[in-house]
Amino acid sequence: MFLNIQQFRNAYEKIVRNSSSHSSCQLVIFVSCLSIDALCATKMLVRLFKKQLIQLQLVPVFGYSELREHFLKLDDNINSVLLVGCGGMIDVESFFEIDAQEYLVEEKPEPKFKRNIYVLDTHRPWNLDNLFGSQVVTCFDDGTVDETLQEQREAYYKLMELEDEQNSESDGDPEENDTEEDSNEKDSGDEDSDDDFPGKRRVSQEDNPKKQRKLRKKLLHNCEAIMEDYYSQGTTISNSLSVQVYSLLSSIGETKLQFLWLTILGASSLDTSFPQVYNKLRPLLQDEVKRLSPNDSTKTPDTLALDIQPDYYLFLLRHSSLYDSFYYSNYVNAKLSLWNENGKKRLHKMFARMGISLATAQENWLYMDNKIKRELGTIFDKNLERYGLQDIVRDGFVRTFGYRGAISASEFVESITALLEIGQTGSDDAHTKAEGINDETGETPDTAMLDKQKKWVSNFWLSWDTLDDNIDLMNRGIKHAQNLQHAIFNTGVAILEKKLIKHLRIYRLCVLQDGPDLDLYKNPLTLLRLGNWLIECCAESEDKNLLPMVLASLDEKADTYLVAGLAPRYPRGIDTLESSRPVLNNFSVAFQHIANETGAKVRIDNFESSIIEIKREDL
């Protein structure tokens, strides 16, 4: 079943009732460990439940096999399970081998089960069995069902009704009467004569079991076609998980700046891959900042303020130099083609036109001339339109930590993402230790995969701690992000210079087989970071030819490729109806279809279904 936003509170109160009446832990939350949005949403939920003195177990998971393994090991006394950032696209009952009748405790006045599963996931398409075919599974919907799934809902229920009818008839032997019915049909006369007596024709159809079966079969095919079209349309993200949790907080009167900051971080993490979702949510978040921010803005050593301030499509501006923040920005690189010499010349001319010397531009932001910093917005407005960078300034969200400094939401997201990718390691050994694999032990590919998953879970907890306003961890993440972005830039430049992107008929293909930073791209997040860099460059070139991309990176130890399918991207700043709609990613469907067709050895275990692992010889 599904709940709309107004019903979230009911589900929350039910979880609290079921989880607070015993001394033992009865609530488990599974969370996708590679999603910043899921991380922030779960942080809010955990704080909320702990305020109610509810014991819970939090289990970060990388993919479906790990999720299933942990679920099957749950104690019998666990009566509430939350899936955050996962579960929406699979048939949960079938996946966990749940027999709803065995879960049933009592039927009246309403069904009560010994365990309820709650799905909080914005991956689309929904699995319709969860929405319409299960009472054990409850989905937190963001309006998708009421706004866009009426036809699918009717088709689903009609399909169930038709299948029930078919099953009830299967007790007899319908084929026994087929011969007789055929002869009756032939003897029934010319069909044209029936047109003169429409009433007679209707009666004859109703009385003819074979015609009823034909009609039912046609309806069955129509309903199945509607379902198939829905599932094959491609995948996307419909909303922010953090915003959905914040809606729950609003309904129970628990909104405050700390929760709003986590919500903003979760929503901001979608801006790189799903800008249309973030752009839709940003005005709502700005209104909430204005509502919750105190009128008295006096700063003290302990002030934790949240403000709306100018933000930029620049890379970590407050933590590097103005020059580097331009140079390593995906947005600026795509607009100016900084990967070639002409692009660098344009960048230098641009600084000259703005009246900022290269020496000044290369100073760290903290030590840069305050007058230039104050007037930066005006300088940009006057000079950047001729370079296509007129949209470089926008309103953003900045968190102030008393006298310890300030950071924008986009910068904080960069920090947390880098910690998820690299973890505790320093920049010097990031390439060798990022995956947690020991070359000397001669591990098998399966062992290496387990080690990688353990590393990603470990990185999740590091990022989790950073959300508690841990400035030291945040700064470590900033350093990691800078090193990662430099590596991404170098790899991207090499790809474009060597013309490694092959332009096929309906998509682009790029295969990485060597390079000093190849080990970095064993992590799906880092591979997507590179993919976003490349796809943004492609969006600005080749006459705006919007094509998706397949990006594959070789893992020599495992003898596999990690493959990401990326949806096409509209150029930033293109304000059209089309660019505000979600761009669907068709690779999740295509990968599964081709794997089944060819028998290729493919591991599809990531919650992002457009990321797969494939044997080297099957690429």
Side-chain angles (χ1 to χ4, degrees), residues 32-38 61-67 85-90 121-127 229-239 241 269-277 417 420-421 449 452-453 456 501-502 504 506-512 521-536 538-539 546-555 560-570 581-598 600-615 618-619:
S32 168
C33 70
L34 292 184
S35 165
I36 302 294
D37 194 24
V61 286
F62 164 75
Y64 288 111
S65 57
E66 194 179 5
L67 172 62
C86 54
M89 296 173 66
I90 56 170
D121 190 13
T122 53
H123 289 98
R124 299 292 180 268
W126 274 119
N127 186 292
D229 286 345
Y230 174 66
Y231 286 128
S232 63
Q233 65 183 323
T235 59
T236 189
I237 292 287
S238 67
N239 203 341
L241 291 167
S269 70
L270 303 177
D271 187 34
T272 302
S273 298
F274 302 95
Q276 73 284 347
V277 175
T417 307
L420 276 182
E421 292 173 77
M449 172 55 72
K452 282 193 281 188
Q453 291 179 5
W456 294 331
I501 299 178
K502 309 297 181 189
L504 307 180
I506 56 172
Y507 67 96
R508 298 179 172 94
L509 172 66
C510 179
V511 181
L512 299 177
Y521 307 114
K522 294 175 186 176
N523 187 309
L525 288 178
T526 315
L527 189 65
L528 287 175
R529 186 190 282 262
L530 175 61
N532 285 321
W533 191 96
L534 292 170
I535 206 91
E536 199 154 347
C538 293
L546 298 180
L547 285 177
M549 177 184 289
V550 173
L551 177 61
S553 177
L554 177 64
D555 182 346
T560 60
Y561 281 98
L562 186 64
V563 181
L566 295 103
R569 186 74 52 82
Y570 286 94
R581 291 173 180 160
V583 178
L584 297 172
N585 190 328
N586 298 109
F587 284 114
S588 54
V589 177
F591 286 161
Q592 292 180 35
H593 176 71
I594 293 168
N596 293 335
E597 219 176 46
T598 61
K601 294 175 183 174
V602 174
R603 188 203 303 260
I604 304 177
D605 192 35
N606 197 299
F607 298 131
E608 300 298 334
S609 56
S610 56
I611 297 174
I612 65 172
E613 194 172 6
I614 186 167
K615 291 296 289 183
D618 289 333
L619 180 65

Sub-4.5 Å side-chain heavy-atom contact between Phe587 and Ile611: no

Contact check, side chains of Asn606 and Pro524, non-hydrogen atoms, under 4.5 Å: yes

Stepwise side chain to side chain contact (heavy atoms under 4.5 Å, CB included) check, Arg603 with Thr560: CA-CA 10 Å; Arg603 188 203 303 260; Thr560 60; over 6 Å; no

Side-chain (Asp605) to main-chain (Gly63) donor-acceptor, under 3.5 angstrom: no

Pair Asn532-Ser273, side chain to side chain contact (heavy atoms under 4.5 Å, CB included): steps then yes or no: CA-CA 7 Å; Asn532 285 321; Ser273 298; 3.3 Å; yes

Phe591 side chain near Val602 side chain, heavy-atom distance below 4.5 Å: no

Exercise: identify the closest heavy-atom pair between Pro548 and Ile535: C-CD1, 4.4 Å

Under 3.5 Å donor-acceptor, Arg508 side chain and Leu547 backbone: yes

Separation of Glu66 CD from Ser32 OG (nearest 0.5 Å): 10.5 Å

Interatomic distance, Met89 atom CE to Tyr231 atom OH [nearest 0.5 angstrom]: 10.0 Å

Closest contact, heavy atoms only, Thr122 versus Asn239: OG1-O, 3.2 Å

Where Glu421 and Asn523 come nearest, the two heavy atoms and their spacing: O-ND2, 3.4 Å

Distance-minimising heavy-atom pair for Leu527 and Ser553: CD1-CB, 3.9 Å

Atom pair CG/CD1 of Leu420 and Ile36 - distance to nearest 0.5 Å: 4.5 Å

Gap between atom CG of Leu551 and atom CG of Leu534 - 0.5 Å precision: 6.5 Å

Trp456 vs Leu525, side chain to side chain contact (heavy atoms under 4.5 Å, CB included): CA-CA, chis, key distance, verdict: CA-CA 10 Å; Trp456 294 331; Leu525 288 178; over 6 Å; no

Distance (rounded to the nearest 0.5 Å) between Phe607 CZ and Leu34 CG: 9.0 Å

Inter-residue atom distance Arg569.CZ - Met549.CE, 0.5 Å rounding: 10.0 Å

Backbone N/O of Leu562 and side chain of Asp555: donor-acceptor pair under 3.5 Å: no

Heavy-atom pair with the smallest gap, counting every atom of Gly234 and Pro125: O-CD, 3.6 Å

Listed partners of Trp533 passing side-chain hydrogen bond (donor to acceptor under 3.5 Å, both in side chains), at least two apart: none

Test log, rule side chain to side chain contact (heavy atoms under 4.5 Å, CB included), inputs Leu530 and Leu512: CA-CA 11 Å; Leu530 175 61; Leu512 299 177; 3.6 Å; yes

Residues forming a side-chain hydrogen bond (donor to acceptor under 3.5 Å, both in side chains) with Glu608, sequence neighbours excluded: His123

Least distance between heavy atoms, Val589 atom then Ser232 atom: CG2-CA, 4.1 Å

Under 3.5 Å: donor-acceptor pair, side chain of Tyr64, backbone of Cys86: no

Flag side-chain contact, heavy atom, 4.5 Å: Leu619 against Val563: yes

Leu504 side chain reached by Val550 side chain, heavy atoms, under 4.5 Å: no

Partners passing side-chain hydrogen bond (donor to acceptor under 3.5 Å, both in side chains) against Asp271 (at least two apart in sequence or in another chain): Arg394, Arg572

